[in-house]
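In the text below, chain A, chain B and the rest are named by the order of the sequence lines, each starting its count at 1. Remember, it's a predicted structure, so these values are computed and weren't measured experimentally.
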2 protein chains.
Amino acid sequence: MTQKLTILDIAKLSGVGKSTVSRVLTNDPKVKPETREKVEQVIRDSGYVPSKSAQAMRGGSAKVVGIILSRLDSPSENKAVSGILEVIYQAGYDAVIMESQFSTEKTNEHLAVLQKRNVDGVIVFGFSGCDLTAIESLKHKAVVIAVDTDRISSVGYDNHGIIELAMNHFLHQGKRFVSYVGVDPSDKTTGLMRLNAYKECCQQAGIEPCYQTGQLSHESAYQLTDDVVQPETQAIVCASDTLAMGVAKRLQELGRSDIQVSGVGATDLLSFIFPNTFSIDPGYFKAGHASANLLIKQLSGQQTITHLTQQASL
Amino acid sequence: MTQKLTILDIAKLSGVGKSTVSRVLTNDPKVKPETREKVEQVIRDSGYVPSKSAQAMRGGSAKVVGIILSRLDSPSENKAVSGILEVIYQAGYDAVIMESQFSTEKTNEHLAVLQKRNVDGVIVFGFSGCDLTAIESLKHKAVVIAVDTDRISSVGYDNHGIIELAMNHFLHQGKRFVSYVGVDPSDKTTGLMRLNAYKECCQQAGIEPCYQTGQLSHESAYQLTDDVVQPETQAIVCASDTLAMGVAKRLQELGRSDIQVSGVGATDLLSFIFPNTFSIDPGYFKAGHASANLLIKQLSGQQTITHLTQQASL
DNA sequence: CTGTTAGCGCTTTCAG
DNA sequence: CTGAAAGCGCTAACAG
C-alpha cells in the first residue's frame with residue numbers, strides 16, 4: 001500500500017531495461033547472475049510488488065484455482081479444502097472459494113464467475129444430484145471430488161472400503177449381529193453405496209442384515225436406532241459420524257452399553273463422548289491433497305483425465 | 001472456455017466502437033438504450049465474457065476481497081465466512097480465502113499475496129497474539145473480526161454480554177452456585193474477557209466465584225470439571241461449546257444431572273447430546289454479514305473506520 | 001451519445 | 001545476455 005512502483009521504476013533504479021527485470025521476475029535462465037542479483041536487490045529494497053493482474057492478463061494465467069464446495073461448514077469438505085490449500089499454495093496458486101449450497105444453479109453461476117476470472121482450474125465438491133455438464137466442458141482444468149464421472153478427473157472416497165473396514169473390525173471380533181444406520185439411497189454415495197457395501201459384507205459373512213436409512217442428521221439416526229436394535233445386537237455401523245452420534249446417544253438411553261458403534265468422518269468428538277465407538281477416516285485431508293496435486297499436474301500438461309480413489313483408514 | 005472473444009469482436013459484431021461496448025459493460029448511463037440493447041444482445045448471443053484480469057488491471061479494482069481466517073474448520077469462523085460470502089457475492093465481489101493457522105507470519109505472507117493480487121479489501125479473523133501492524137497499514141481497506149484495535153475497523157463479539165446472558169439465565173432461575181470453566185487468560189477474548197465477565201457477574205450478584213481455566217479442548221474442560229464441582233453446585237457456565245461438551249460429559253459420569261451447563265457457539269450437537277445444556281450464540285453469521293457490509297461501505301467511501309459489536313443471543 | 005486515442009503493468013518476440 | 005518495441009483486453013479522457 002506504499003507506492004505504485006512499476007517494473008519500469010525497478011528497471012531505472014537498477015539501470016537495466018524493463019525486459020531484464022521481467023526476466024528476473026519470471027526466472028528466465030538467460031540473465032547474467034550478476035545482473036539478476038542487482039535487480040533482485042533493488043526489488044527487495046524498494047519493496048516492489050509485481051501486479052498479478054497485469055501478469056495474469058499478459059501471461060494468461062492468474063495462478064488461481066476456484067474451489068466450489070457445498071457448504072463451508074461441512075467438516076468433511078473443509079478438511080479436504082485444508083488439504084487443497086496446502087498444495088496449491090505451495091505451487092504458487094491462490095484459491096477463490098464459493099459455496100454451492102447443494103444447488104446446481106449456484107454451482108453453474110459460480111463456475112461462470114470463475115471463468116470470467118480466468119482461473120486456471122477448478123475443484124468442485126460434488127453432491128447428490130449435481131449436474132456435471134458445465135464442469136465437463138472444462139475438461140482437464142477441473143477435478144471433482146466425491147462423485148462419479150468418466151469425462152472429468154475425479155477423486156472419490158472408497159465408500160465400499162469405508163464400510164467394509166468397519167464391518168471387518170466387528171467381524172474380526174467375532175460379532176455376528178451387526179446392524180446399520182445410513183442415509184436414504186437417493187443419495188448415491190453416502191446413501192446407496194455405503195448401504196450396498198453393508199449388505200455385501202453381510203452376505204459374505206453370512207449374517208443377517210438389519211438396517212434403516214433416513215436423513216443425514218443426529219435426530220434421524222436417533223429415531224432409527226430402536227428399529228435396528230435387537231436383544232442380540234452387538235454393533236451398529238453408521239454411514240457417518242453425525243449418524244453415529246445419534247445412535248450412540250439413543251443406545252446410552254437404552255442402557256445398551258454393550259453395543260459398539262462405528263461412524264465415518266474421524267471426528268474426535270464422537271469417541272470422546274461415547275467410549276464405545278470408533279470412526280473410520282475416509283481420508284478427507286488426503287483427498288484434498290490428491291485432488292489439488294492432480295489438478296496442478298493436469299494444468300501443466302503432465303497428466304490427463306484420471307480417477308483416484310482415496311483409501312480409508314481407521 | 002469456448003473462444004477468446006474480446007471487446008473488439010463484440011464491437012465489430014454489433015457495429016459499434018470498442019468504447020461503446022465498454023460503456024455497456026460498465027453501465028455507463030450515457031448510452032442510447034437502443035444501442036445498449038443491441039450490444040447486450042450480441043454479448044449474450046456470442047457468450048462473450050469480459051476478462052476480469054484486464055478489467056482489474058485497468059480499473060484498479062479486481063472486485064475481490066481477501067479473507068484470512070485462522071482455521072477453515074473452526075465452526076465459529078466458517079459460520080462467519082458464510083455470512084461474509086453472502087454479502088460480498090451479492091455485491092459482485094469474490095473471495096480468496098487463506099488460512100493463517102494462528103501464525104502472524106503466515107498472516108503477513110497472505111496479506112502480501114493479497115496485495116499483490118490487487119484485492120479491494122481484506123477481512124481478517126484475529127487470534128490471540130496476532131500482529132495487526134501489517135493490517136493497519138491497509139486502513140479503510142480492512143476489517144478485523146474478534147480482536148481489538150482502534151486503528152482499523154473491527155467487528156467484535158460481545159464477550160461480556162455472552163457470559164452475562166448465560167449467568168443471568170441461571171441467576172433468574174434463582175441459582176446461587178454457578179461455576180465457570182474457561183480458557184487461559186493469555187487468550188485475550190475467549191480467555192480473559194469472558195473470565196472477567198464471569199467474575200463481575202458473580203460480584204454483582206453477590207455470589208462466590210468458582211472457576212478454572214485451561215486449554216480450548218474437550219479434554220481440558222473434562223479434567224477441570226471436578227475442580228469446580230461442589231455438592232451445592234447448580235450450574236456451570238463454559239466459555240465455549242467445546243468446553244461445555246467436556247464438562248457435560250464429566251458431569252454425566254459423576255451422575256450430576258442436576259447441574260445445568262451452558263456453552264457458547266450455538267452448536268446444535270451440545271443440547272442434542274446433553275439435555276441439560278444450552279448454548280449462547282455470539283452471532284457469528286451476523287458478524288460475518290456485518291463485517292462484509294462494513295468493508296464494502298468503506299471501500300465505496302461511504303464509511304470510515306468503525307467499531308461494531310455483535311450482540312449475542314440465546 | 002459515440003468513435004478515436006492513449007495507455008495500465010507486464011511478457012515476449014526481435015534485434016542487437 | 002539485454003534493450004527496444006509490440007501488444008494482451010479493457011477503461012477513460014478527448015474530441016466530435
- Task: Calculate the interatomic distance between B:D28 atom CG and C:dG3 atom P; express it in whole Å.
- Result: 13 Å

- Query: Looking at B:F285, is B:K79 sitting on its ring face, NZ or CZ under 6.0 Å from the six-membered ring centre and within 45 degrees of the normal?
  - Reply: no

- Which nucleotides of nucleotides 10-16 of chain C have their base under 4.0 Å from a protein heavy atom (B), which only their sugar-phosphate (S), and which neither (-), written as one string 5' to 3'? BBBBB--

- Task: Might you point out which heavy atoms bring A:L295 and A:A142 nearest each other, and give the distance in Å?
- Result: CD1-N, 4.0 Å

- Message: Rounded to whole Å, please give me the gap between CE in B:M57 and P in C:dC8.
- Response: 8 Å

- Task: State, with a plain yes or no, whether a side-chain heavy atom of B:I152 is found less than 4.5 Å away from one of B:V143.
- Result: no

- Message: Output the rounded distance in Å from NZ (A:K30) to P (D:dG3).
- Response: 15 Å

- Note on the structure: Between B:S291 and the options B:I123, B:V81, B:I296, B:V144, the side-chain contact (heavy atoms from CB on, under 4.5 Å) test singles out B:I123

- Message: If I take atom CD in residue A:E34 and atom C1' in nucleotide D:dT2, what distance separates them, rounded to the nearest angstrom?
- Response: 14 Å

- Please work out if B:T35 contacts a base, only the sugar-phosphate, or nothing of the nucleic acid, heavy-atom cut-off 4.0 Å. sugar-phosphate

- Task: Ignoring hydrogens and angles, state whether a donor on the side chain of A:D28 or A:T26 is under 3.5 Å from an acceptor on the partner side chain.
- Result: no

- Query: For A:R36, does the CZ atom sit with more than 12 other heavy atoms under 6.0 Å from it, leaving out its own atoms?
  - Reply: yes

